[in-house]
There are 2 protein chains.
Amino acid sequence: MNTQHVILGLLKKRSFTGYEMKNLFETVFSFFFDASFGTIYPALSKMEQLGYITKESIVQDKRPNKNVYTITPAGIKQFAEYMNSPVEKETVRSDFLMRMFFGEFAQEEASINWIKEAIASDSEDLEKLEAMKRSALAIPIGFSTKLIGLEIGIETTRARLKVLQESLLKLIDLTNPNMRQGDQQ
Amino acid sequence: MNTQHVILGLLKKRSFTGYEMKNLFETVFSFFFDASFGTIYPALSKMEQLGYITKESIVQDKRPNKNVYTITPAGIKQFAEYMNSPVEKETVRSDFLMRMFFGEFAQEEASINWIKEAIASDSEDLEKLEAMKRSALAIPIGFSTKLIGLEIGIETTRARLKVLQESLLKLIDLTNPNMRQGDQQ
DNA sequence: CCGTTCATGTAAGGCGTTACATGATTCC
DNA sequence: GGAATCATGTAACGCCTTACATGAACGG
């Protein structure tokens, strides 16, 4: 799976500009995919050359002109090939977990701060995902596989948060052995 | 965080060969990092050139010769710089979740099979992670941030599995509306 | 005998990031 | 007045994947 496949999937639904695609990547896809403008625009040019998509330039006033892309039969075929290929293994790259692994080489305070940051960031993510779920359920169409990504996002983020919060308490206890419940510095 | 930083972190603990590093990436790091030989060996050459590590060639009989790498003061400094840099955002790339998102463009049977495959793969991962946790706890040193990665791996995989199993039942229900509990085909 | 482990590397190509470049409009 | 939104692109560079290349020893 690469950016081209994802773009084709989006364009199967309707036509989009590169800018709109980036917005989707930052919201609905944020949990399992990302691509920057530096990836999207060159991909669109290449796909147009390859005949998978066509470009229509739309002149706007009060706004910059925009290019709207539409999938072609060749693009539809290409997307079908992707959907028939074996599913690739999920990859995760976590600088945070790497630092937890190398925790012995960091100052205790640094580790504690990294965990606090992770909790803050995961909490934000969780809120966003829950908001997305609410809006998805507001239009009731019954169950769709589209909800699976959202559900997995929500449940795994909750699980992470729980582990992080418990770990933070344990670490603080180790760093400050004299501090007990109710104590204040 | 890139492969060089991870290698430096490993070598802070003790010296390793490229081959041994790859084993670590496949086991203890598998949940949040990966690097293939095609990444590791060129990285080691470059790091030697840059003076971050030194190479010692060891001749073995009954086994291929090997190169054991050791960190230098320059490498230690480089690693410290990494540990002082801001933590990068975690990235996930999931072909499986993308296909769930594009589920409407796949045959229902294909979606069901992908979910079954995901359940099988996650179950295997969970067993491996739990085995790793057991061996980590067998040497009791109390709490260490190293356990956080393991815990997060275990708890998020459990959360994923739960969502997947529930989703599978819902999908099968939709596909086969006449099948009820207790029915057999 | 066959698969796995041990062990290292190269080469080509694809993919992606980051920074640079531009600029009007609209909301606070 | 300043930040965000709308909107597209290039260029350089770095990183990583995949396939290729080699080959002995050992366990089942």
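Just so it is clear: chains get the letters A, B, ... in the order the sequence lines come, proteins before strands, and each one is counted from 1.
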Chemist: Please state how far atom CG in B:Asn65 lies from atom C1' in D:dT22, giving the value in whole angstrom units.
Modeler: 13 Å

Chemist: Which nucleotide in the list C:dT10, C:dT8, D:dT17 gets nearest to the side chain of B:Pro42?
Modeler: C:dT10

Chemist: Take the protein atom NZ of A:Lys62 and the nucleotide atom P of C:dC27, then report the distance between them rounded to whole Å.
Modeler: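 My rounded result for the distance is 11 Å.
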
Chemist: Taking atom CD as the centre, does B:Glu20 end up with more than 12 heavy-atom neighbours from other residues, nucleotides or ligands that are less than 6.0 angstrom away?
Modeler: yes

Chemist: Strictly by side chain to side chain donor-acceptor pair (under 3.5 Å), give each pair with a member in residues 72-81 of chain B just once, sequence neighbours left out.
Modeler: B:Tyr52-B:Gln78

Chemist: Centroid-to-centroid, B:Phe32 to A:Phe96, below 6.0 Å?
Modeler: no

Chemist: Please determine if a side-chain N or O atom of A:Thr39 lies less than 4.0 Å away from the OP1 or OP2 oxygen of C:dC15.
Modeler: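 So the side-chain polar atoms of A:Thr39 never come under 4.0 Å of the phosphate oxygens OP1 or OP2 of C:dC15.
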
Chemist: Picking from C:dT8, C:dT26, C:dC6, which would you name as closest to the side chain of B:Tyr41?
Modeler: C:dT8

Chemist: Looking at A:Arg93, I'd like to know whether one of its side-chain N or O atoms comes within less than 4.0 Å of OP1 or OP2 on D:dC16.
Modeler: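 A:Arg93 to D:dC16 OP1/OP2: side-chain N or O found under 4.0 Å.
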
Chemist: Once you build an axis from the first five pairs and another from the last five of the helix from C:dC1-D:dG28 to C:dC28-D:dG1, how far apart in angle are they, to 10 degrees?
Modeler: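 The angle separating the two end axes equals 70°.
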
Chemist: Output the rounded distance in Å from CD1 (B:Ile40) to C1' (C:dT8).
Modeler: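 Rounded to the whole Å, the gap is 11 Å.
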
Chemist: Would one find a side-chain N or O of B:Tyr19 under 4.0 angstrom from OP1 or OP2 of C:dC6?
Modeler: yes

Chemist: Report the residue (A:Gln60 or B:Pro64) whose heavy-atom-nearest nucleotide on DNA chain D is the more 5′ of the two.
Modeler: A:Gln60

Chemist: Which of these, B:Val87, B:Ile148, B:Thr145, sits in a side-chain contact (heavy atoms from CB on, under 4.5 Å) with A:Arg99?
Modeler: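 That would be B:Val87.
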
Chemist: At under 4.0 Å between heavy atoms, what does B:Ser45 touch on the DNA or RNA strands: base, sugar-phosphate, or nothing?
Modeler: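 If one applies the 4.0 Å heavy-atom cut-off, B:Ser45 turns out to touch nothing in the nucleic acid.
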
Chemist: Quick one: which of D:dA7, D:dC26, D:dT8 gets closest to the side chain of A:Asn67?
Modeler: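 Minimum distance to the A:Asn67 side chain belongs to D:dT8.
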
Chemist: Take atom CZ of B:Phe37 and atom P of C:dA11, then tell me their distance rounded to the nearest Å.
Modeler: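 One finds 19 Å between P of C:dA11 and CZ of B:Phe37, rounded.
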
Chemist: Can the ring centres of B:Phe25 and B:Phe33 be said to be less than 6.0 Å apart?
Modeler: yes

Chemist: Would you mind reading off the distance between A:Asp34 atom CG and C:dC15 atom P, rounded to a whole angstrom?
Modeler: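 It is 17 Å, rounded to the nearest whole Å.
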
Chemist: Return the nearest nucleotide to the side chain of A:Asn2; candidates are D:dA7, C:dC15, D:dC16.
Modeler: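 Out of D:dA7, C:dC15, D:dC16, the nucleotide with an atom closest to A:Asn2's side chain is C:dC15.
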
Chemist: Indicate the ring-plane relationship of A:Phe29 and B:Phe101, choosing parallel, tilted or perpendicular according to the 30° and 60° boundaries.
Modeler: tilted

Chemist: Send over the distance from A:Lys55 NZ to D:dA7 P, rounded to a whole Å.
Modeler: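 It is 15 Å, rounded to the nearest whole Å.
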
Chemist: What is the distance, rounded to the nearest whole Å, between atom CD of A:Glu88 and atom C1' of D:dT18?
Modeler: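 In whole Å, D:dT18 C1' and A:Glu88 CD are 13 Å from each other.
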
Chemist: Distance check needed: C:dG23 C1' versus A:Lys66 NZ, whole Å only.
Modeler: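 Distance, rounded to whole Å: 17 Å.
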
Chemist: Mark yes or no: B:Lys55 above the aromatic ring of B:Tyr69, with NZ or CZ under 6.0 Å from the six-membered ring centre and no more than 45 degrees from the axis.
Modeler: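 No, B:Lys55 does not lie over the aromatic ring of B:Tyr69.
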
Chemist: Applying a 4.0 Å non-hydrogen cut-off, can you work out what B:Thr17 is touching in the nucleic acid: base, sugar-phosphate, or nothing?
Modeler: sugar-phosphate

Chemist: Measure from the side chain of B:Thr3, starting at C-beta and using heavy atoms only, and say which of D:dC15, D:dC16, D:dC6 lies closest.
Modeler: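 Among the listed nucleotides, the one closest to the side chain of B:Thr3 is D:dC16.
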
Chemist: What's B:Phe25 touching, base or sugar-phosphate or nothing? Going by heavy atoms closer than 4.0 Å.
Modeler: nothing

Chemist: Out of C:dT17, C:dG9, D:dA25, which nucleotide sits closest to the side chain of B:Tyr69?
Modeler: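 Of C:dT17, C:dG9, D:dA25, C:dG9 is nearest to the side chain of B:Tyr69.
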
Chemist: How is A:Phe33 classified with respect to the nucleic acid when contacts are heavy atoms under 4.0 Å: base, sugar-phosphate, or nothing?
Modeler: nothing

Chemist: Tell me, yes or no, whether the heavy-atom count around B:Glu127 atom CD, taken from other residues, nucleotides or ligands under 6.0 Å, exceeds 12.
Modeler: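 At most 12 heavy atoms, drawn from other residues, nucleotides or ligands, come within 6.0 Å of this atom.
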
